[in-house]
Amino acid sequence: AGTISGVMISNNIISEMTRSGIRLYSNSATLVGNEYIYHNTLYNNGERGIDIQSGNTGSKVFVKNNIIYDNNDGELNDDGEPIINENNIINNPNFLSTNLQSDDYLKLSKNSDAIDVGNNINIELDLDGNLRPSGDGYDAGAYEFNEGIDLDVLIQPPVINIKKPTSILTKTVCANNCDYTTLEQADQEAQPGWKIQIKAESYDCISWNSNGEFGNEIIIEPFGDGDVIFNCEGQSRFRIFGTNTIFDGGNDYKLIFDGTNLDTSERIIYPQVESDYITFYRVIIRNNKQGSNMNIMGDNFRIFNSYIYGAN
C-alpha cells in the first residue's frame with residue numbers, strides 16, 4: 001500500500017519488449033501526483049507502446065513528444081485516467097533503420113513526420129547529446145534529426161534536478177585490489193555523498209539498501225575498459241530499497257542490467273515503494289524474455305537517456 005508520484009521517463013529507446021513498453025497501473029500503491037513521459041521512442045513492443053490503466057487516483061499523465069509506433073497491441077491505451085496527450089507520432093516515422101545492431105537504429109530520416117512536431121518541454125538534449133531543437137521545432141522521440149551535423153556536446157542531464165553532487169568519498173568495487181569485491185559489500189557501508197565506482201566486470205544482481213540524501217546522493221558508476229554487467233538469474237532481480245541514488249552508465253552506456261537468465265515474468269529492476277529519488281541515467285536494461293524490464297514503485301523515480309529492450 002502507499003502512493004507514488006513524480007515519475008519521469010524521458011529520452012529513452014524502449015523496444016522489442018515482450019509486453020508493453022511503458023505501463024502505468026495501480027496495484028498495491030496509488031499514483032497521486034503527475035507523471036511525465038517525454039521524448040521517448042517506443043517501437044515493436046509485444047503489447048502496447050504505452051499502457052495507462054485505471055486506478056491512478058488524482059494523477060495526470062503527461063505524454064508529449066514521443067514516437068509510439070508498430071507496437072503489437074496498439075500504441076497508446078488510456079483506460080479512463082486524465083492524460084495530456086500532445087505531439088506524439090503514432091504513424092510510420094520513417095526511421096533510418098529498424099535493425100537493432102545498426103548505429104542508425106530508430107533514428108530519424110530526413111523525410112520523417114516526427115521532425116519539428118514537438119513543443120518545448122525543457123529537454124534541451126537528445127539521447128545522443130545533440131541540442132534540441134536543431135531545426136524550426138522540437139522533434140518527437142528520443143533523437144533529434146541532425147543532417148550532416150556532428151555536435152561535440154558533453155551529455156548533461158536533460159531535465160532539471162539531475163545534478164550530481166561533489167562526492168565526499170570515492171570507493172571502488174572489483175575482484176582484486178579494490179575497496180570491495182561486490183557492490184553488495186559496498187552497500188553495507190555506503191553513506192550519503194559517496195561515489196562508488198565499479199570496475200568493468202560481471203556481477204550478480206543484488207538488493208540495494210543504502211540511502212543517500214537529496215543533494216547529497218550516492219553515485220554508482222563504472223570505471224575501466226569494457227562494461228559493468230549485472231546478470232540477473234532465476235529470481236534474483238536487482239531490487240532497490242534505498243533512496244537518493246544515481247546509477248550513471250557514462251557517455252558509453254557501460255552500466256548494463258541483463259535479464260537473459262531470469263525466470264519467466266520476473267523484472268530486472270525492481271524498486272520498492274520506499275525507494276524514492278532513484279535515477280537511472282545512460283544505462284542499458286536488456287533481454288528480459290517474458291516479464292517487464294523494470295517496475296517503478298517509489299516517488300520521483302527518473303529514467304533518462306537509456307536503452308531498454310527485450311530479447312526478441
From CA spacing to verdict: side chain to side chain contact (heavy atoms under 4.5 Å, CB included), Glu221, Phe223 = CA-CA 7 Å; Glu221 63 182 26; Phe223 79 93; over 6 Å; no
Run the numbers on Asp227 and Ile284 for side chain to side chain contact (heavy atoms under 4.5 Å, CB included), then give the verdict.
-> CA-CA 10 Å; Asp227 299 323; Ile284 295 174; over 6 Å; no
Test item: Asn12 side-chain N/O and Ser10 main-chain N/O as donor-acceptor pair under 3.5 Å = yes
Minimum heavy-atom distance between Ser306 and Arg282, given as atom pair plus value | OG-N, 3.4 Å
Please lay out, stage by stage, how Met8 and Phe304 fare under the test side chain to side chain contact (heavy atoms under 4.5 Å, CB included).
-> CA-CA 8 Å; Met8 181 174 287; Phe304 298 126; 3.7 Å; yes
Over all atoms of both residues, closest heavy-atom pair of Asn94 and Ser109 = O-OG, 2.7 Å
Without hydrogens or angle criteria, can the side chains of Gln188 and Tyr180 be said to hold a donor-acceptor pair below 3.5 Å?
-> no
Could you tell me whether the side chains of Ser20 and Asn45 share a donor-acceptor contact shorter than 3.5 Å?
-> no
Strictly by modelled atom types, are Arg132 and Asn11 linked by a side-chain donor-acceptor pair under 3.5 Å?
-> yes
What do you reckon, are the aromatic ring centroids of Phe247 and Phe238 less than 6.0 Å apart?
-> yes
Test item: side-chain donor near acceptor, Ser15 and Asn44, under 3.5 Å | no
CG/Asp204: more than 12 non-hydrogen atoms of other groups inside 6.0 Å = no
Tyr277, OH: over 12 other non-hydrogen atoms inside 6.0 angstrom | no
Do you know which of Tyr281, Tyr253, Phe280 makes ring-ring contact (aromatic ring centres under 6.0 Å, His included) with Tyr307?
-> Tyr253
Roughly how far, to the nearest 0.5 Å, is the OG1 atom of Thr245 from the CD atom of Glu217?
-> 8.5 Å
Geometric cation-pi criterion Arg286 and Tyr309, 6.0 Å radius, 45° cone | no
What's the shortest heavy-atom distance between Leu262 and Ser236, and which atoms?
-> CD2-O, 3.8 Å
Heavy-atom side-chain proximity of Phe241 to Ser207 below 4.5 angstrom | yes
If every non-hydrogen atom of Asp70 is compared with every non-hydrogen atom of Glu75, which pair is closest and at what distance?
-> N-OE2, 3.1 Å
So, Asn300 versus Asp276: side-chain donor-acceptor pair below 3.5 Å or not?
-> no
Taking atom CD1 of Ile14 and atom CG of Asn71, what is their separation to the nearest 0.5 Å?
-> 10.0 Å
Given the rule in the side chain to side chain contact (heavy atoms under 4.5 Å, CB included) test, do Phe95 and Tyr143 qualify, once you have shown the distances and angles that lead to the verdict?
-> CA-CA 11 Å; Phe95 294 125; Tyr143 293 115; over 6 Å; no
Is a side-chain N or O of Asp179 found less than 3.5 angstrom from the main chain of Thr172, in a donor-acceptor match?
-> yes
How many angstroms lie between atom CG of Leu108 and atom CG of Asp113, to the nearest 0.5 angstrom?
-> 10.0 Å
What pair of heavy atoms forms the shortest contact from Lys254 to Pro222, and how long is it?
-> CB-CG, 3.8 Å
Between Asn40 and Ile9 the two heavy atoms that sit nearest each other are ND2-O, 2.9 Å
Is atom CG of Leu96 surrounded by more than 12 heavy atoms (other residues, nucleotides or ligands) closer than 6.0 Å?
-> yes
Indicate if Ile196 and Phe257 have the same hydrophobic cluster label, given that clusters are the connected sets of ILVMFWY residues with side-chain heavy-atom separations under 4.5 angstrom.
-> yes
With distance as the sole criterion, is a donor-acceptor pair present between the side chains of Asp258 and Thr260 under 3.5 Å?
-> yes
Result for side-chain contact (heavy atoms from CB on, under 4.5 Å) between Tyr203 and one of Ile229, Leu183, Val228 points to Val228
